[in-house]
**Student:** 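Sharing a structure with you now.
Counting starts at 1 for both ligands and their atoms, following the listed order. Starting from 1, each residue takes its place in the sequence as its number. Everything numeric in this text was worked out from a predicted model, so none of it was measured.
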Amino acid sequence: MEKVVLVTGANSGIGLALCERLLTEDSQLLLCLACRNMKRAEDARSALLTSHINAHIDLLHLDVGSVQSVLAAAQELKARYNRIDFLYLNAGIMPNPQVDVKALFKGLFSRNVINMFATAEGLLTQQDRLNSDGLQEVFATNLFGHFLLIRELEPLLCPGGQTSRIVWTSSSNARRSAFSIEDIQHRNGMEPYSSSKYASDMLSLALNRHKNSQGLFSSVICPGLVMTNLTYGILPSFFWTLIMPIMWLIRIFTNTFTLTPYNGAEALHWLFVQNSESLDPRAKYHSLTSGLGKNYTQPQQMDIDEQMSEILYSKLLELEKVVRKKQSEGNVDK
Ligand SMILES: NC(=O)C1=CN([C@@H]2O[C@H](COP(=O)(O)OP(=O)(O)OC[C@H]3O[C@@H](n4cnc5c(N)ncnc54)[C@H](OP(=O)(O)O)[C@@H]3O)[C@@H](O)[C@H]2O)C=CC1
Ligand SMILES: CC(C)=CCC[C@@H](C)[C@H]1CC[C@H]2C3=C(CC[C@]12C)[C@@]1(C)CCC(=O)C[C@@H]1CC3
């Protein structure tokens, strides 16, 4: 039986590279590209079809940052498919990033330099805003929209005793100190990206606790530092051109500079070929590239508090009730 695979944010970067790699791995795949921009989705589909002429590639309009769009997309998916084997939750944003140049130069001459380049700890802040649902945009896009999608798709995930898999594209920038359980949307802070990624790590753990018995398994990956639209948005383009040779040089000393979307998608691809029984719910699977350019995947234990992940799960269920109520009231008003 062909596998049904859905990838969010599939039209560029790591998501698109993953699609390419999955089609190379399994030509019988039924691949659904879930994107917010249908023109970009069409372009991605055409690009994939040039190297995989007979591939079965569907498109789906999905803006994960909009409650209404997630609900509509889930309805469409339930009409199209009777199960989903792999749900890759990859779409993500980092709006208005700011690099702390002083911290960068200080870090360059400290013993923390490798960790700084691997995680961007202490280097990056972002400016977030409210979206039209009244939610913080980074939280809504990177976490909550995906949570709502999982909730809506429950009937398609592991129906009839089969197993299904969820894979989150998290980050090495996910940090416990950036997250507050009192402020899960990160309304008061300058690290919404780091907070949302830490929250996705915790949510994955909670999902495993609640859903493994029903055959649903969740994992998180870190793609390393990859040059994509997201990273190009962090610094002016002339700066990237200037430091690119340095980036390739750093890659010799740290395996986390995967740099290309193909390399960054390593752990996403690796998980596709693993059995669900072999997965560790507390591990983050890292895409790594050696100095000689060899790709491999390595699990690392996540710094997660079980109790806090459980509270986050309850808070997300509460918020789901609130947004659903708002949505149905909105529909009645119309
Ligand atoms: N690049 C890196 O170094 C790292 C990236 N990551 C994560 O990898 C994931 C992929 O990012 P990357 O490939 O780097 O960057 P890209 O910007 O190339 O890809 C992000 C994808 O997400 C889509 N997207 C953004 N917002 C929405 C939305 N509201 N609804 C639907 N799709 C949306 C984008 O669509 P559109 O084209 O329309 O904007 C795009 O397809 C992200 O989750 C990111 O946080 C994690 C660690 C490191
Ligand atoms: C001198 C020189 C090479 C400067 C570049 C420094 C920074 C721009 C990068 C150092 C660590 C990078 C990093 C990311 C973005 C670019 C850096 C801050 C990410 C935050 C991108 C998105 C992620 O999810 C994790 C990355 C961690 C490392």
**Student:** May I ask you to identify the nearest protein heavy atom to atom 30 (N) of ligand 1, giving residue, atom name and distance to one decimal place in Å?
**Tutor:**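 Scanning the protein heavy atoms, the shortest distance from atom 30 (N) of ligand 1 goes to V64 N, 2.9 Å.
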
**Student:** Once rounded to the nearest 0.5 Å, what's the spacing between atom CZ of R282 and atom CG of N208?
**Tutor:**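 Answer rounded to 0.5 Å: 11.0 Å.
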
**Student:** What's the shortest distance from atom 39 (O) of ligand 1 to any protein heavy atom, and which residue and atom give it?
**Tutor:** R36 NH2, 2.7 Å

**Student:** Evaluate the 4.0 Å heavy atom contact test for atom 28 (C) of ligand 2: does a protein atom fall under the cut-off?
**Tutor:** yes

**Student:** When you measure from the heavy atoms of S69 to every atom of ligand 1, does any distance fall below 4.0 Å?
**Tutor:**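 No, that is not the case, since the closest heavy atom of the residue is not under 4.0 Å from the ligand.
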
**Student:** Using heavy atoms and a 4.0 Å limit, tell me yes or no: is G224 in contact with ligand 2?
**Tutor:**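 It does not, in that no heavy atom of G224 comes within the 4.0 Å cut-off of ligand 2.
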
**Student:** At less than 4.0 angstrom from any non-hydrogen atom of L62, what atoms of ligand 1 do you find?
**Tutor:**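 Close to L62: 30 (N), 31 (C).
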
**Student:** Given that the side chain starts at C-beta and the backbone is N, CA, C, O, which of these parts of R40 lies under 4.0 Å from ligand 1, counting heavy atoms, or is it both or neither?
**Tutor:**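 Side chain only.
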
**Student:** Quick test: of every protein heavy atom, which one is nearest to atom 18 (C) of ligand 2, and how far off is it to 0.1 Å?
**Tutor:** A120 CB, 3.7 Å

**Student:** How close does the nearest protein non-hydrogen atom get to atom 32 (N) of ligand 1, and which residue and atom is it?
**Tutor:**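 Among all protein heavy atoms, the one nearest atom 32 (N) of ligand 1 is A91 CB, 3.5 Å.
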
**Student:** Counting only heavy atoms on the protein side, is anything nearer than 4.0 Å to atom 7 (C) of ligand 2?
**Tutor:** no

**Student:** Any idea which protein heavy atom is nearest atom 6 (N) of ligand 1, and the distance to it?
**Tutor:** Y193 OH, 3.5 Å

**Student:** Drop me the distance from L71's CG to R151's CZ, to the nearest 0.5 angstrom.
**Tutor:** 12.0 Å

**Student:** I'd like to check which ligand 1 atoms, numbered from 1 as shown, lie under 4.0 Å from a non-hydrogen atom of I93.
**Tutor:**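 Those of ligand 1 that fall under 4.0 Å from I93 are 25 (C), 26 (N).
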
**Student:** Judged on heavy-atom distance to atom 10 (C) of ligand 1, which of N90, L33, T228, N173 sits nearest?
**Tutor:**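 Selected option, by shortest heavy-atom distance: N90.
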
**Student:** Please report which non-hydrogen protein atom sits nearest to atom 15 (C) of ligand 2, along with the residue it belongs to and the distance in Å to one decimal place.
**Tutor:** I234 CD1, 3.4 Å

**Student:** In the protein, what heavy atom is nearest to atom 3 (O) of ligand 1, and what distance, to one decimal place, separates them?
**Tutor:** V226 N, 2.8 Å

**Student:** Considering only non-hydrogen protein atoms, determine which one is nearest to atom 21 (C) of ligand 2 and report residue, atom name and distance to 0.1 Å.
**Tutor:**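 Answer for atom 21 (C) of ligand 2: T231 CG2, 3.9 Å.
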
**Student:** Would you mind listing which atoms of ligand 1 come within a distance below 4.0 Å of any non-hydrogen atom of I14?
**Tutor:** 5 (C), 8 (O), 13 (O), 14 (O)

**Student:** With distance as the sole criterion, is a donor-acceptor pair present between the side chains of N173 and T119 under 3.5 Å?
**Tutor:**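 Distance-only check fails for N173 and T119.
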
**Student:** When you look for heavy atoms under 4.0 Å from ligand 2, do you find them on the side chain of K197, its backbone, both, or neither?
**Tutor:**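 No part of K197 is near ligand 2 at this cut-off.
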
**Student:** When you measure from atom 37 (O) of ligand 1 to each heavy atom in T8, T169, N11, which option holds the nearest one?
**Tutor:**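 Nearest heavy atom to atom 37 (O) of ligand 1 lies in N11.
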
**Student:** Looking only at protein heavy atoms, which one is nearest to atom 16 (P) of ligand 1, and how far off is it?
**Tutor:** S12 OG, 3.6 Å

**Student:** Name the closest protein heavy atom to atom 10 (C) of ligand 2, giving the residue it belongs to and the distance to 0.1 Å.
**Tutor:**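 Ranking protein heavy atoms by distance from atom 10 (C) of ligand 2, first comes F117 CD2, 3.6 Å.
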
**Student:** Within this structure, what is the CG-SG distance for the pair L60 and C35, rounded to the nearest 0.5 Å?
**Tutor:** 8.5 Å

**Student:** Looking only at distance, does S171 have an N or O less than 3.5 Å from an N or O of ligand 2?
**Tutor:** yes

**Student:** Does only the side chain of L235 get under 4.0 Å from ligand 2, or the backbone, or both, or neither? Count heavy atoms.
**Tutor:**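 It is the side chain that touches ligand 2; the backbone stays farther off.
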
**Student:** Going by the closest heavy atom to atom 46 (C) of ligand 1, which one wins out of G92, C222, A265, S170?
**Tutor:** S170

**Student:** Flag the pair K294 and E266 as a salt bridge only when some basic side-chain nitrogen lies within less than 4.0 angstrom of an acidic carboxylate oxygen.
**Tutor:**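 No, this pair does not count.
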
**Student:** Indicate yes or no: does an N/O atom of Y193 lie under 3.5 Å from an N/O atom of ligand 2?
**Tutor:** yes

**Student:** Quick check on contacts: which atoms of ligand 1 are under 4.0 angstrom from a heavy atom of G65?
**Tutor:** 29 (N)

**Student:** Within less than 4.0 angstrom of ligand 1, does K197 place any heavy atom?
**Tutor:** yes

**Student:** Just jot down the ligand 1 atoms closer than 4.0 angstrom to any heavy atom of D63, in number order.
**Tutor:**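 Counting from 1, the qualifying ligand atoms are 28 (C), 29 (N), 30 (N).
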
**Student:** Report yes or no: does a heavy atom of C35 sit under 4.0 Å from some atom of ligand 1?
**Tutor:** no

**Student:** Could you list which atoms of ligand 1 come closer than 4.0 Å to a heavy atom of G9?
**Tutor:**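 Reading through ligand 1 atom by atom, the close ones are 21 (C), 22 (O), 23 (C), 41 (O).
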
**Student:** Is it the side chain (CB and beyond), the backbone, both or neither of T141 that lies under 4.0 Å from ligand 1, heavy atoms counted?
**Tutor:** side chain

**Student:** Can a side-chain donor-acceptor contact be found between Q301 and D280 if the only test is distance below 3.5 angstrom?
**Tutor:** yes

